[in-house]
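Only one structure is covered here, and it is reproduced in the block below.
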Amino acid sequence: MAEPVIVERVIAERRPVLSGYQGGSAKVRLTPALPAGRVVLRARAEDVAALSTSLGLKLPVKPRASVSSKARTAFWIGPDEWLLIDEKGGDLMADCAASGVAHSTADVSHRNTAIIVSGPASAGAINSACALDLSLAAFPVGAVTRTVFGKIEIILHRVEEETFRVECWRSFATYAFGMLAEGAEDASL
């Protein structure tokens, strides 16, 4: 008779993909964003008010708009699509479900990560691999868009005049960080 096998369950904490990364130049700082909860939300226009109430922030309904409140941010990504970010550990999925309206949500917390690009040459660093006009007139504080950076898709958010948040898939994070580091060096010349 075979001896019983005891299997020990080990729970490993997921290490952020950019843990320990540092970069930048004299005019640009690159900082991996802290881990955050992220949800992609799809909903009809008539359900936005109920979802906004449930989430505790008014979902933006105009292109390139974002809204932030109490460590939560909502990015307008399309006519019926938002990326929600919670930096304090709130349960975005449960809050959406509590709205009582039809919607679609997908938790992408482990799929996405972000890089904070700040400093007086931050726009130049991003423009090294992204052709958007990042002047304040064309891309003001609060503006957000889905775009291409080098060979990858990102969501770009202007947090402050000289600070951007670059959201990308974890699998492309080291590529994005490397491209931004090169762009930071070039933008500081």
Side-chain angles (χ1 to χ4, degrees), residues 16-18 24 28-101 103-120 122-123 125-126 130 132-147 149 153-170 173 176-177 180:
V17 68
L18 295 174
V28 181
R29 286 176 306 287
L30 302 177
T31 310
L34 295 174
R38 292 173 178 83
V39 167
V40 173
L41 168 67
R42 305 285 308 253
R44 299 175 303 186
E46 58 266 26
D47 297 324
V48 168
L51 284 158
S52 294
T53 299
S54 183
L55 288 164
L57 76 159
K58 189 173 180 176
L59 293 173
V61 294
K62 293 183 180 179
R64 298 179 10 155
S66 68
V67 173
S68 294
S69 176
K70 299 178 185 171
R72 274 198 176 165
T73 304
F75 297 154
W76 183 95
I77 302 301
D80 66 348
E81 183 179 3
W82 296 265
L83 174 63
L84 310 175
I85 300 172
D86 187 301
E87 297 180 295
K88 294 293 183 193
D91 192 341
L92 292 165
M93 295 288 283
D95 290 346
C96 287
S99 69
V101 297
H103 64 277
S104 170
T105 53
D107 187 328
V108 295
S109 301
H110 293 295
R111 181 193 76 184
N112 282 29
T113 192
I115 302 164
I116 307 302
V117 184
S118 58
S122 55
I126 294 165
C130 179
L132 285 179
D133 179 355
L134 296 179
S135 67
L136 274 171
F139 202 76
V141 172
V144 64
T145 190
R146 185 181 345 224
T147 189
F149 179 77
E153 177 184 297
I154 64 168
I155 294 177
L156 181 63
H157 175 228
R158 184 176 226 138
V159 181
E160 297 172 349
E161 186 173 331
E162 294 182 351
T163 304
F164 295 85
R165 180 183 188 99
V166 175
E167 284 278 329
C168 66
W169 286 21
R170 285 177 54 90
F177 200 93
L180 286 165

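None of the values given here were measured: they were computed from a predicted structure.
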For E153, all residues meeting side-chain hydrogen bond (donor to acceptor under 3.5 Å, both in side chains), sequence neighbours excluded: none
Side-chain touch V117/T163, heavy atoms, less than 4.5 angstrom: no
Heavy-atom side-chain proximity of I155 to F75 below 4.5 angstrom: yes
Heavy-atom pair with the smallest gap, counting every atom of G142 and H157: O-CD2, 3.8 Å
Criterion side-chain contact (heavy atoms from CB on, under 4.5 Å) on T31 and I115, from CA distance to verdict: CA-CA 6 Å; T31 310; I115 302 164; over 6 Å; no
Contact check, side chains of V40 and T105, non-hydrogen atoms, under 4.5 Å: no
Euclidean distance, L51 CG relative to K58 NZ, rounded to 0.5 Å: 13.5 Å
Sidechain N-carboxylate O distance under 4.0 Å for R158, E160: no
Over all atoms of both residues, closest heavy-atom pair of L92 and G37: CD1-O, 3.7 Å
E81 atom CD, over 12 foreign heavy atoms within 6.0 Å: yes
Side-chain (H103) to main-chain (V101) donor-acceptor, under 3.5 angstrom: yes
Sole candidate of R72, R38, K70 that passes salt bridge (charged side-chain N to carboxylate O under 4.0 Å, His left out) when paired with D86: R72
Verdict with reasoning, T147 to C130, per side-chain contact (heavy atoms from CB on, under 4.5 Å): CA-CA 8 Å; T147 189; C130 179; 3.9 Å; yes
Sequence-distant partners of F139, ring pair (Phe, Tyr, Trp, His ring centres under 6.0 Å), two or more places apart: none
CA sep, side-chain torsions, deciding dist, call: C96, L84, side-chain contact (heavy atoms from CB on, under 4.5 Å): CA-CA 10 Å; C96 287; L84 310 175; 4.0 Å; yes
Separation of I116 CD1 from S122 OG (nearest 0.5 Å): 11.0 Å
Polar side-chain atom of R170 near backbone of A173 as donor-acceptor pair, under 3.5 Å: no
Check: L156 and R146 side chains under 4.5 Å, non-hydrogen atoms: no
Nearest heavy atoms of S109 and D107, plus distance in Å: OG-OD1, 2.6 Å
Considering all heavy atoms, the nearest S54-S99 contact: OG-N, 3.5 Å
Approximate separation, where rounding is to 0.5 Å, of I154 CD1 and F164 CZ: 10.0 Å
Flag, side chain of W82 to backbone of I77, donor-acceptor distance under 3.5 Å: no
Between CH2 on residue W76 and CZ on residue R64, distance to nearest 0.5 Å: 10.5 Å
Heavy-atom side-chain proximity of L59 to V67 below 4.5 angstrom: no
Working for side-chain contact (heavy atoms from CB on, under 4.5 Å), residues L180 and F149: CA-CA 9 Å; L180 286 165; F149 179 77; 3.6 Å; yes
Inter-residue atom distance R111.CZ - C168.SG, 0.5 Å rounding: 10.5 Å
Listed once per pair and sorted, the side chain to side chain donor-acceptor pair (under 3.5 Å) pairs that draw on residues 132-145, sequence neighbours left out: D133-S135
Any donor-acceptor N or O pair under 3.5 Å, side chains S68, T73: yes
Distance-minimising heavy-atom pair for V39 and V108: N-CG2, 4.3 Å
Heavy-atom check, side chain of R29 versus side chain of E162, under 4.5 Å: no
Main-chain N/O of A143 paired to S66 side chain as donor or acceptor, under 3.5 Å: no
